[in-house]
Number of protein chains: 2
Amino acid sequence: MTRRSNKSAHSRVRADHASEIAEDYVEAIAAILVEKEICRVIDLAREFQVSHVTVNRTISRLQRDEFVTTTPYGPIELTPKGRRLAQASRRRHEIVLRFLKALGVSDATAIQDSEGIEHHVSGETLQAMEKFAAKRLGSGE
Amino acid sequence: MTRRSNKSAHSRVRADHASEIAEDYVEAIAAILVEKEICRVIDLAREFQVSHVTVNRTISRLQRDEFVTTTPYGPIELTPKGRRLAQASRRRHEIVLRFLKALGVSDATAIQDSEGIEHHVSGETLQAMEKFAAKRLGSGE
DNA sequence: ACCGAGATGTAACCAAGGCTACATTTCCAG
DNA sequence: CTGGAAATGTAGCCTTGGTTACATCTCGGT
Ligand SMILES: [Mn+2]
Ligand SMILES: [Mn+2]
Ligand SMILES: [Mn+2]
Ligand SMILES: [Mn+2]
């Protein structure tokens, strides 16, 4: 076991990565919209620590895929599809974050690790994490 | 908290991804070497479910970075550096896998999810996972 | 009103990782 | 020993996501 049984988990990982940027962007956009009511290219450049050019081109792809809308020099908005993805991504991210903290990991580390882990957590695992965190923090302890 | 405090976890994630293929390849090569004593391009193409061309070019990069050695039409071998990375990657992967199983996730799901998660687990989190799995499966139960 | 700093856009480049199509090499079954 | 199937290599293509350099637009403070 353990070795050589996995048909190809790697294809799944590649698929996870293909949707990762969309998930992180719409999640970030939604968060910025909440606390600043307007989202601009530079906000995302700061958040992701990339150049504004990278943000521009990413936003183009997201617009092509109908997650966001924007106009030249205008702010960035979410489509309904974008809002749905943002909501789901935020929920999953928060569950993973809470889970890591419940596991006993420091806040700083939990924040860092959850940013990558979130994209590789299946529904089944997410449920297990949720349950675990609930048992740890929920009402007891 | 939770929102807007993370300076940039995203840079860390990008760094994780940059080393991911090297880790997975050397880990796979080491495993193949154990049970077949020779590793060929086609073995890796099957393992990762990619074309042999992709494997070729990846192996070139790994050779450039001194993780593997190979010759035209020859088998693929690990350098000492490659062996060290393989060993460390295997260990981390196994801890994550055992951890997910200990959490109550099914074997199939644990195999899938651990393949992506492993690359985003910091030392601190890995230790927490190890400890948890030990408590769950270690001597009790 | 206007002007300059900061935000945004665009051009051109790069590396990684995918692919298909085709060429070449290996090596074993007959 | 040899023919051909399987393995390997090579050429050329694509998308994503990163960069710097430079051009243009916007808008708030004087
Ligand atoms: Mn993320
Ligand atoms: Mn990942
Ligand atoms: Mn692995
Ligand atoms: Mn992996």
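In the text below, chain A, chain B and the rest are named by the order of the sequence lines, each starting its count at 1.
B/E23 meets the salt bridge (charged side-chain N to carboxylate O under 4.0 Å, His left out) test with B/R92; sequence neighbours excluded. Under the side-chain contact (heavy atoms from CB on, under 4.5 Å) criterion, B/D65 pairs with B/F67, sequence neighbours left out. Listed by chain and residue number, A/R12 satisfy the salt bridge (charged side-chain N to carboxylate O under 4.0 Å, His left out) test with B/D113 (two or more places apart in sequence, or in another chain). Residues passing the side-chain contact (heavy atoms from CB on, under 4.5 Å) test with B/S11, sequence neighbours excluded: A/Q49, B/S8, B/R14. With sequence neighbours excluded, the residues forming a side-chain contact (heavy atoms from CB on, under 4.5 Å) with A/S51 are A/V53, A/T54, listed by chain and number. Partners of A/A102 by side-chain contact (heavy atoms from CB on, under 4.5 Å), not counting sequence neighbours, listed by chain and number: A/F132, A/A133, A/R136, A/L137.
Sorted by first then second residue, the salt bridge (Lys or Arg N to Asp or Glu O under 4.0 Å) pairs that include residues 122-131 of chain B, not counting sequence neighbours, are B/R91-B/E130.
Read 5' to 3', the first and last nucleotides of DNA chain D with an atom closer than 4.0 Å to a heavy atom of chain B are D/dA7 to D/dG18.
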Protein-to-nucleotide contact annotation, 5' to 3' order, nucleotides 4-15 of chain C [B base; S sugar-phosphate only; - none; under 4.0 Å, heavy atom]: ---SBBBB----
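Remark: B/T54 is in phosphate contact with C/dC19, judged by side-chain N or O atoms under 4.0 Å from OP1 or OP2.
Rounded to a whole Å, the CG atom of A/D16 is 13 Å from the P atom of C/dG18.
Between B/H119 and A/H120, the distance from one ring center to the other does not fall under 6.0 angstrom.
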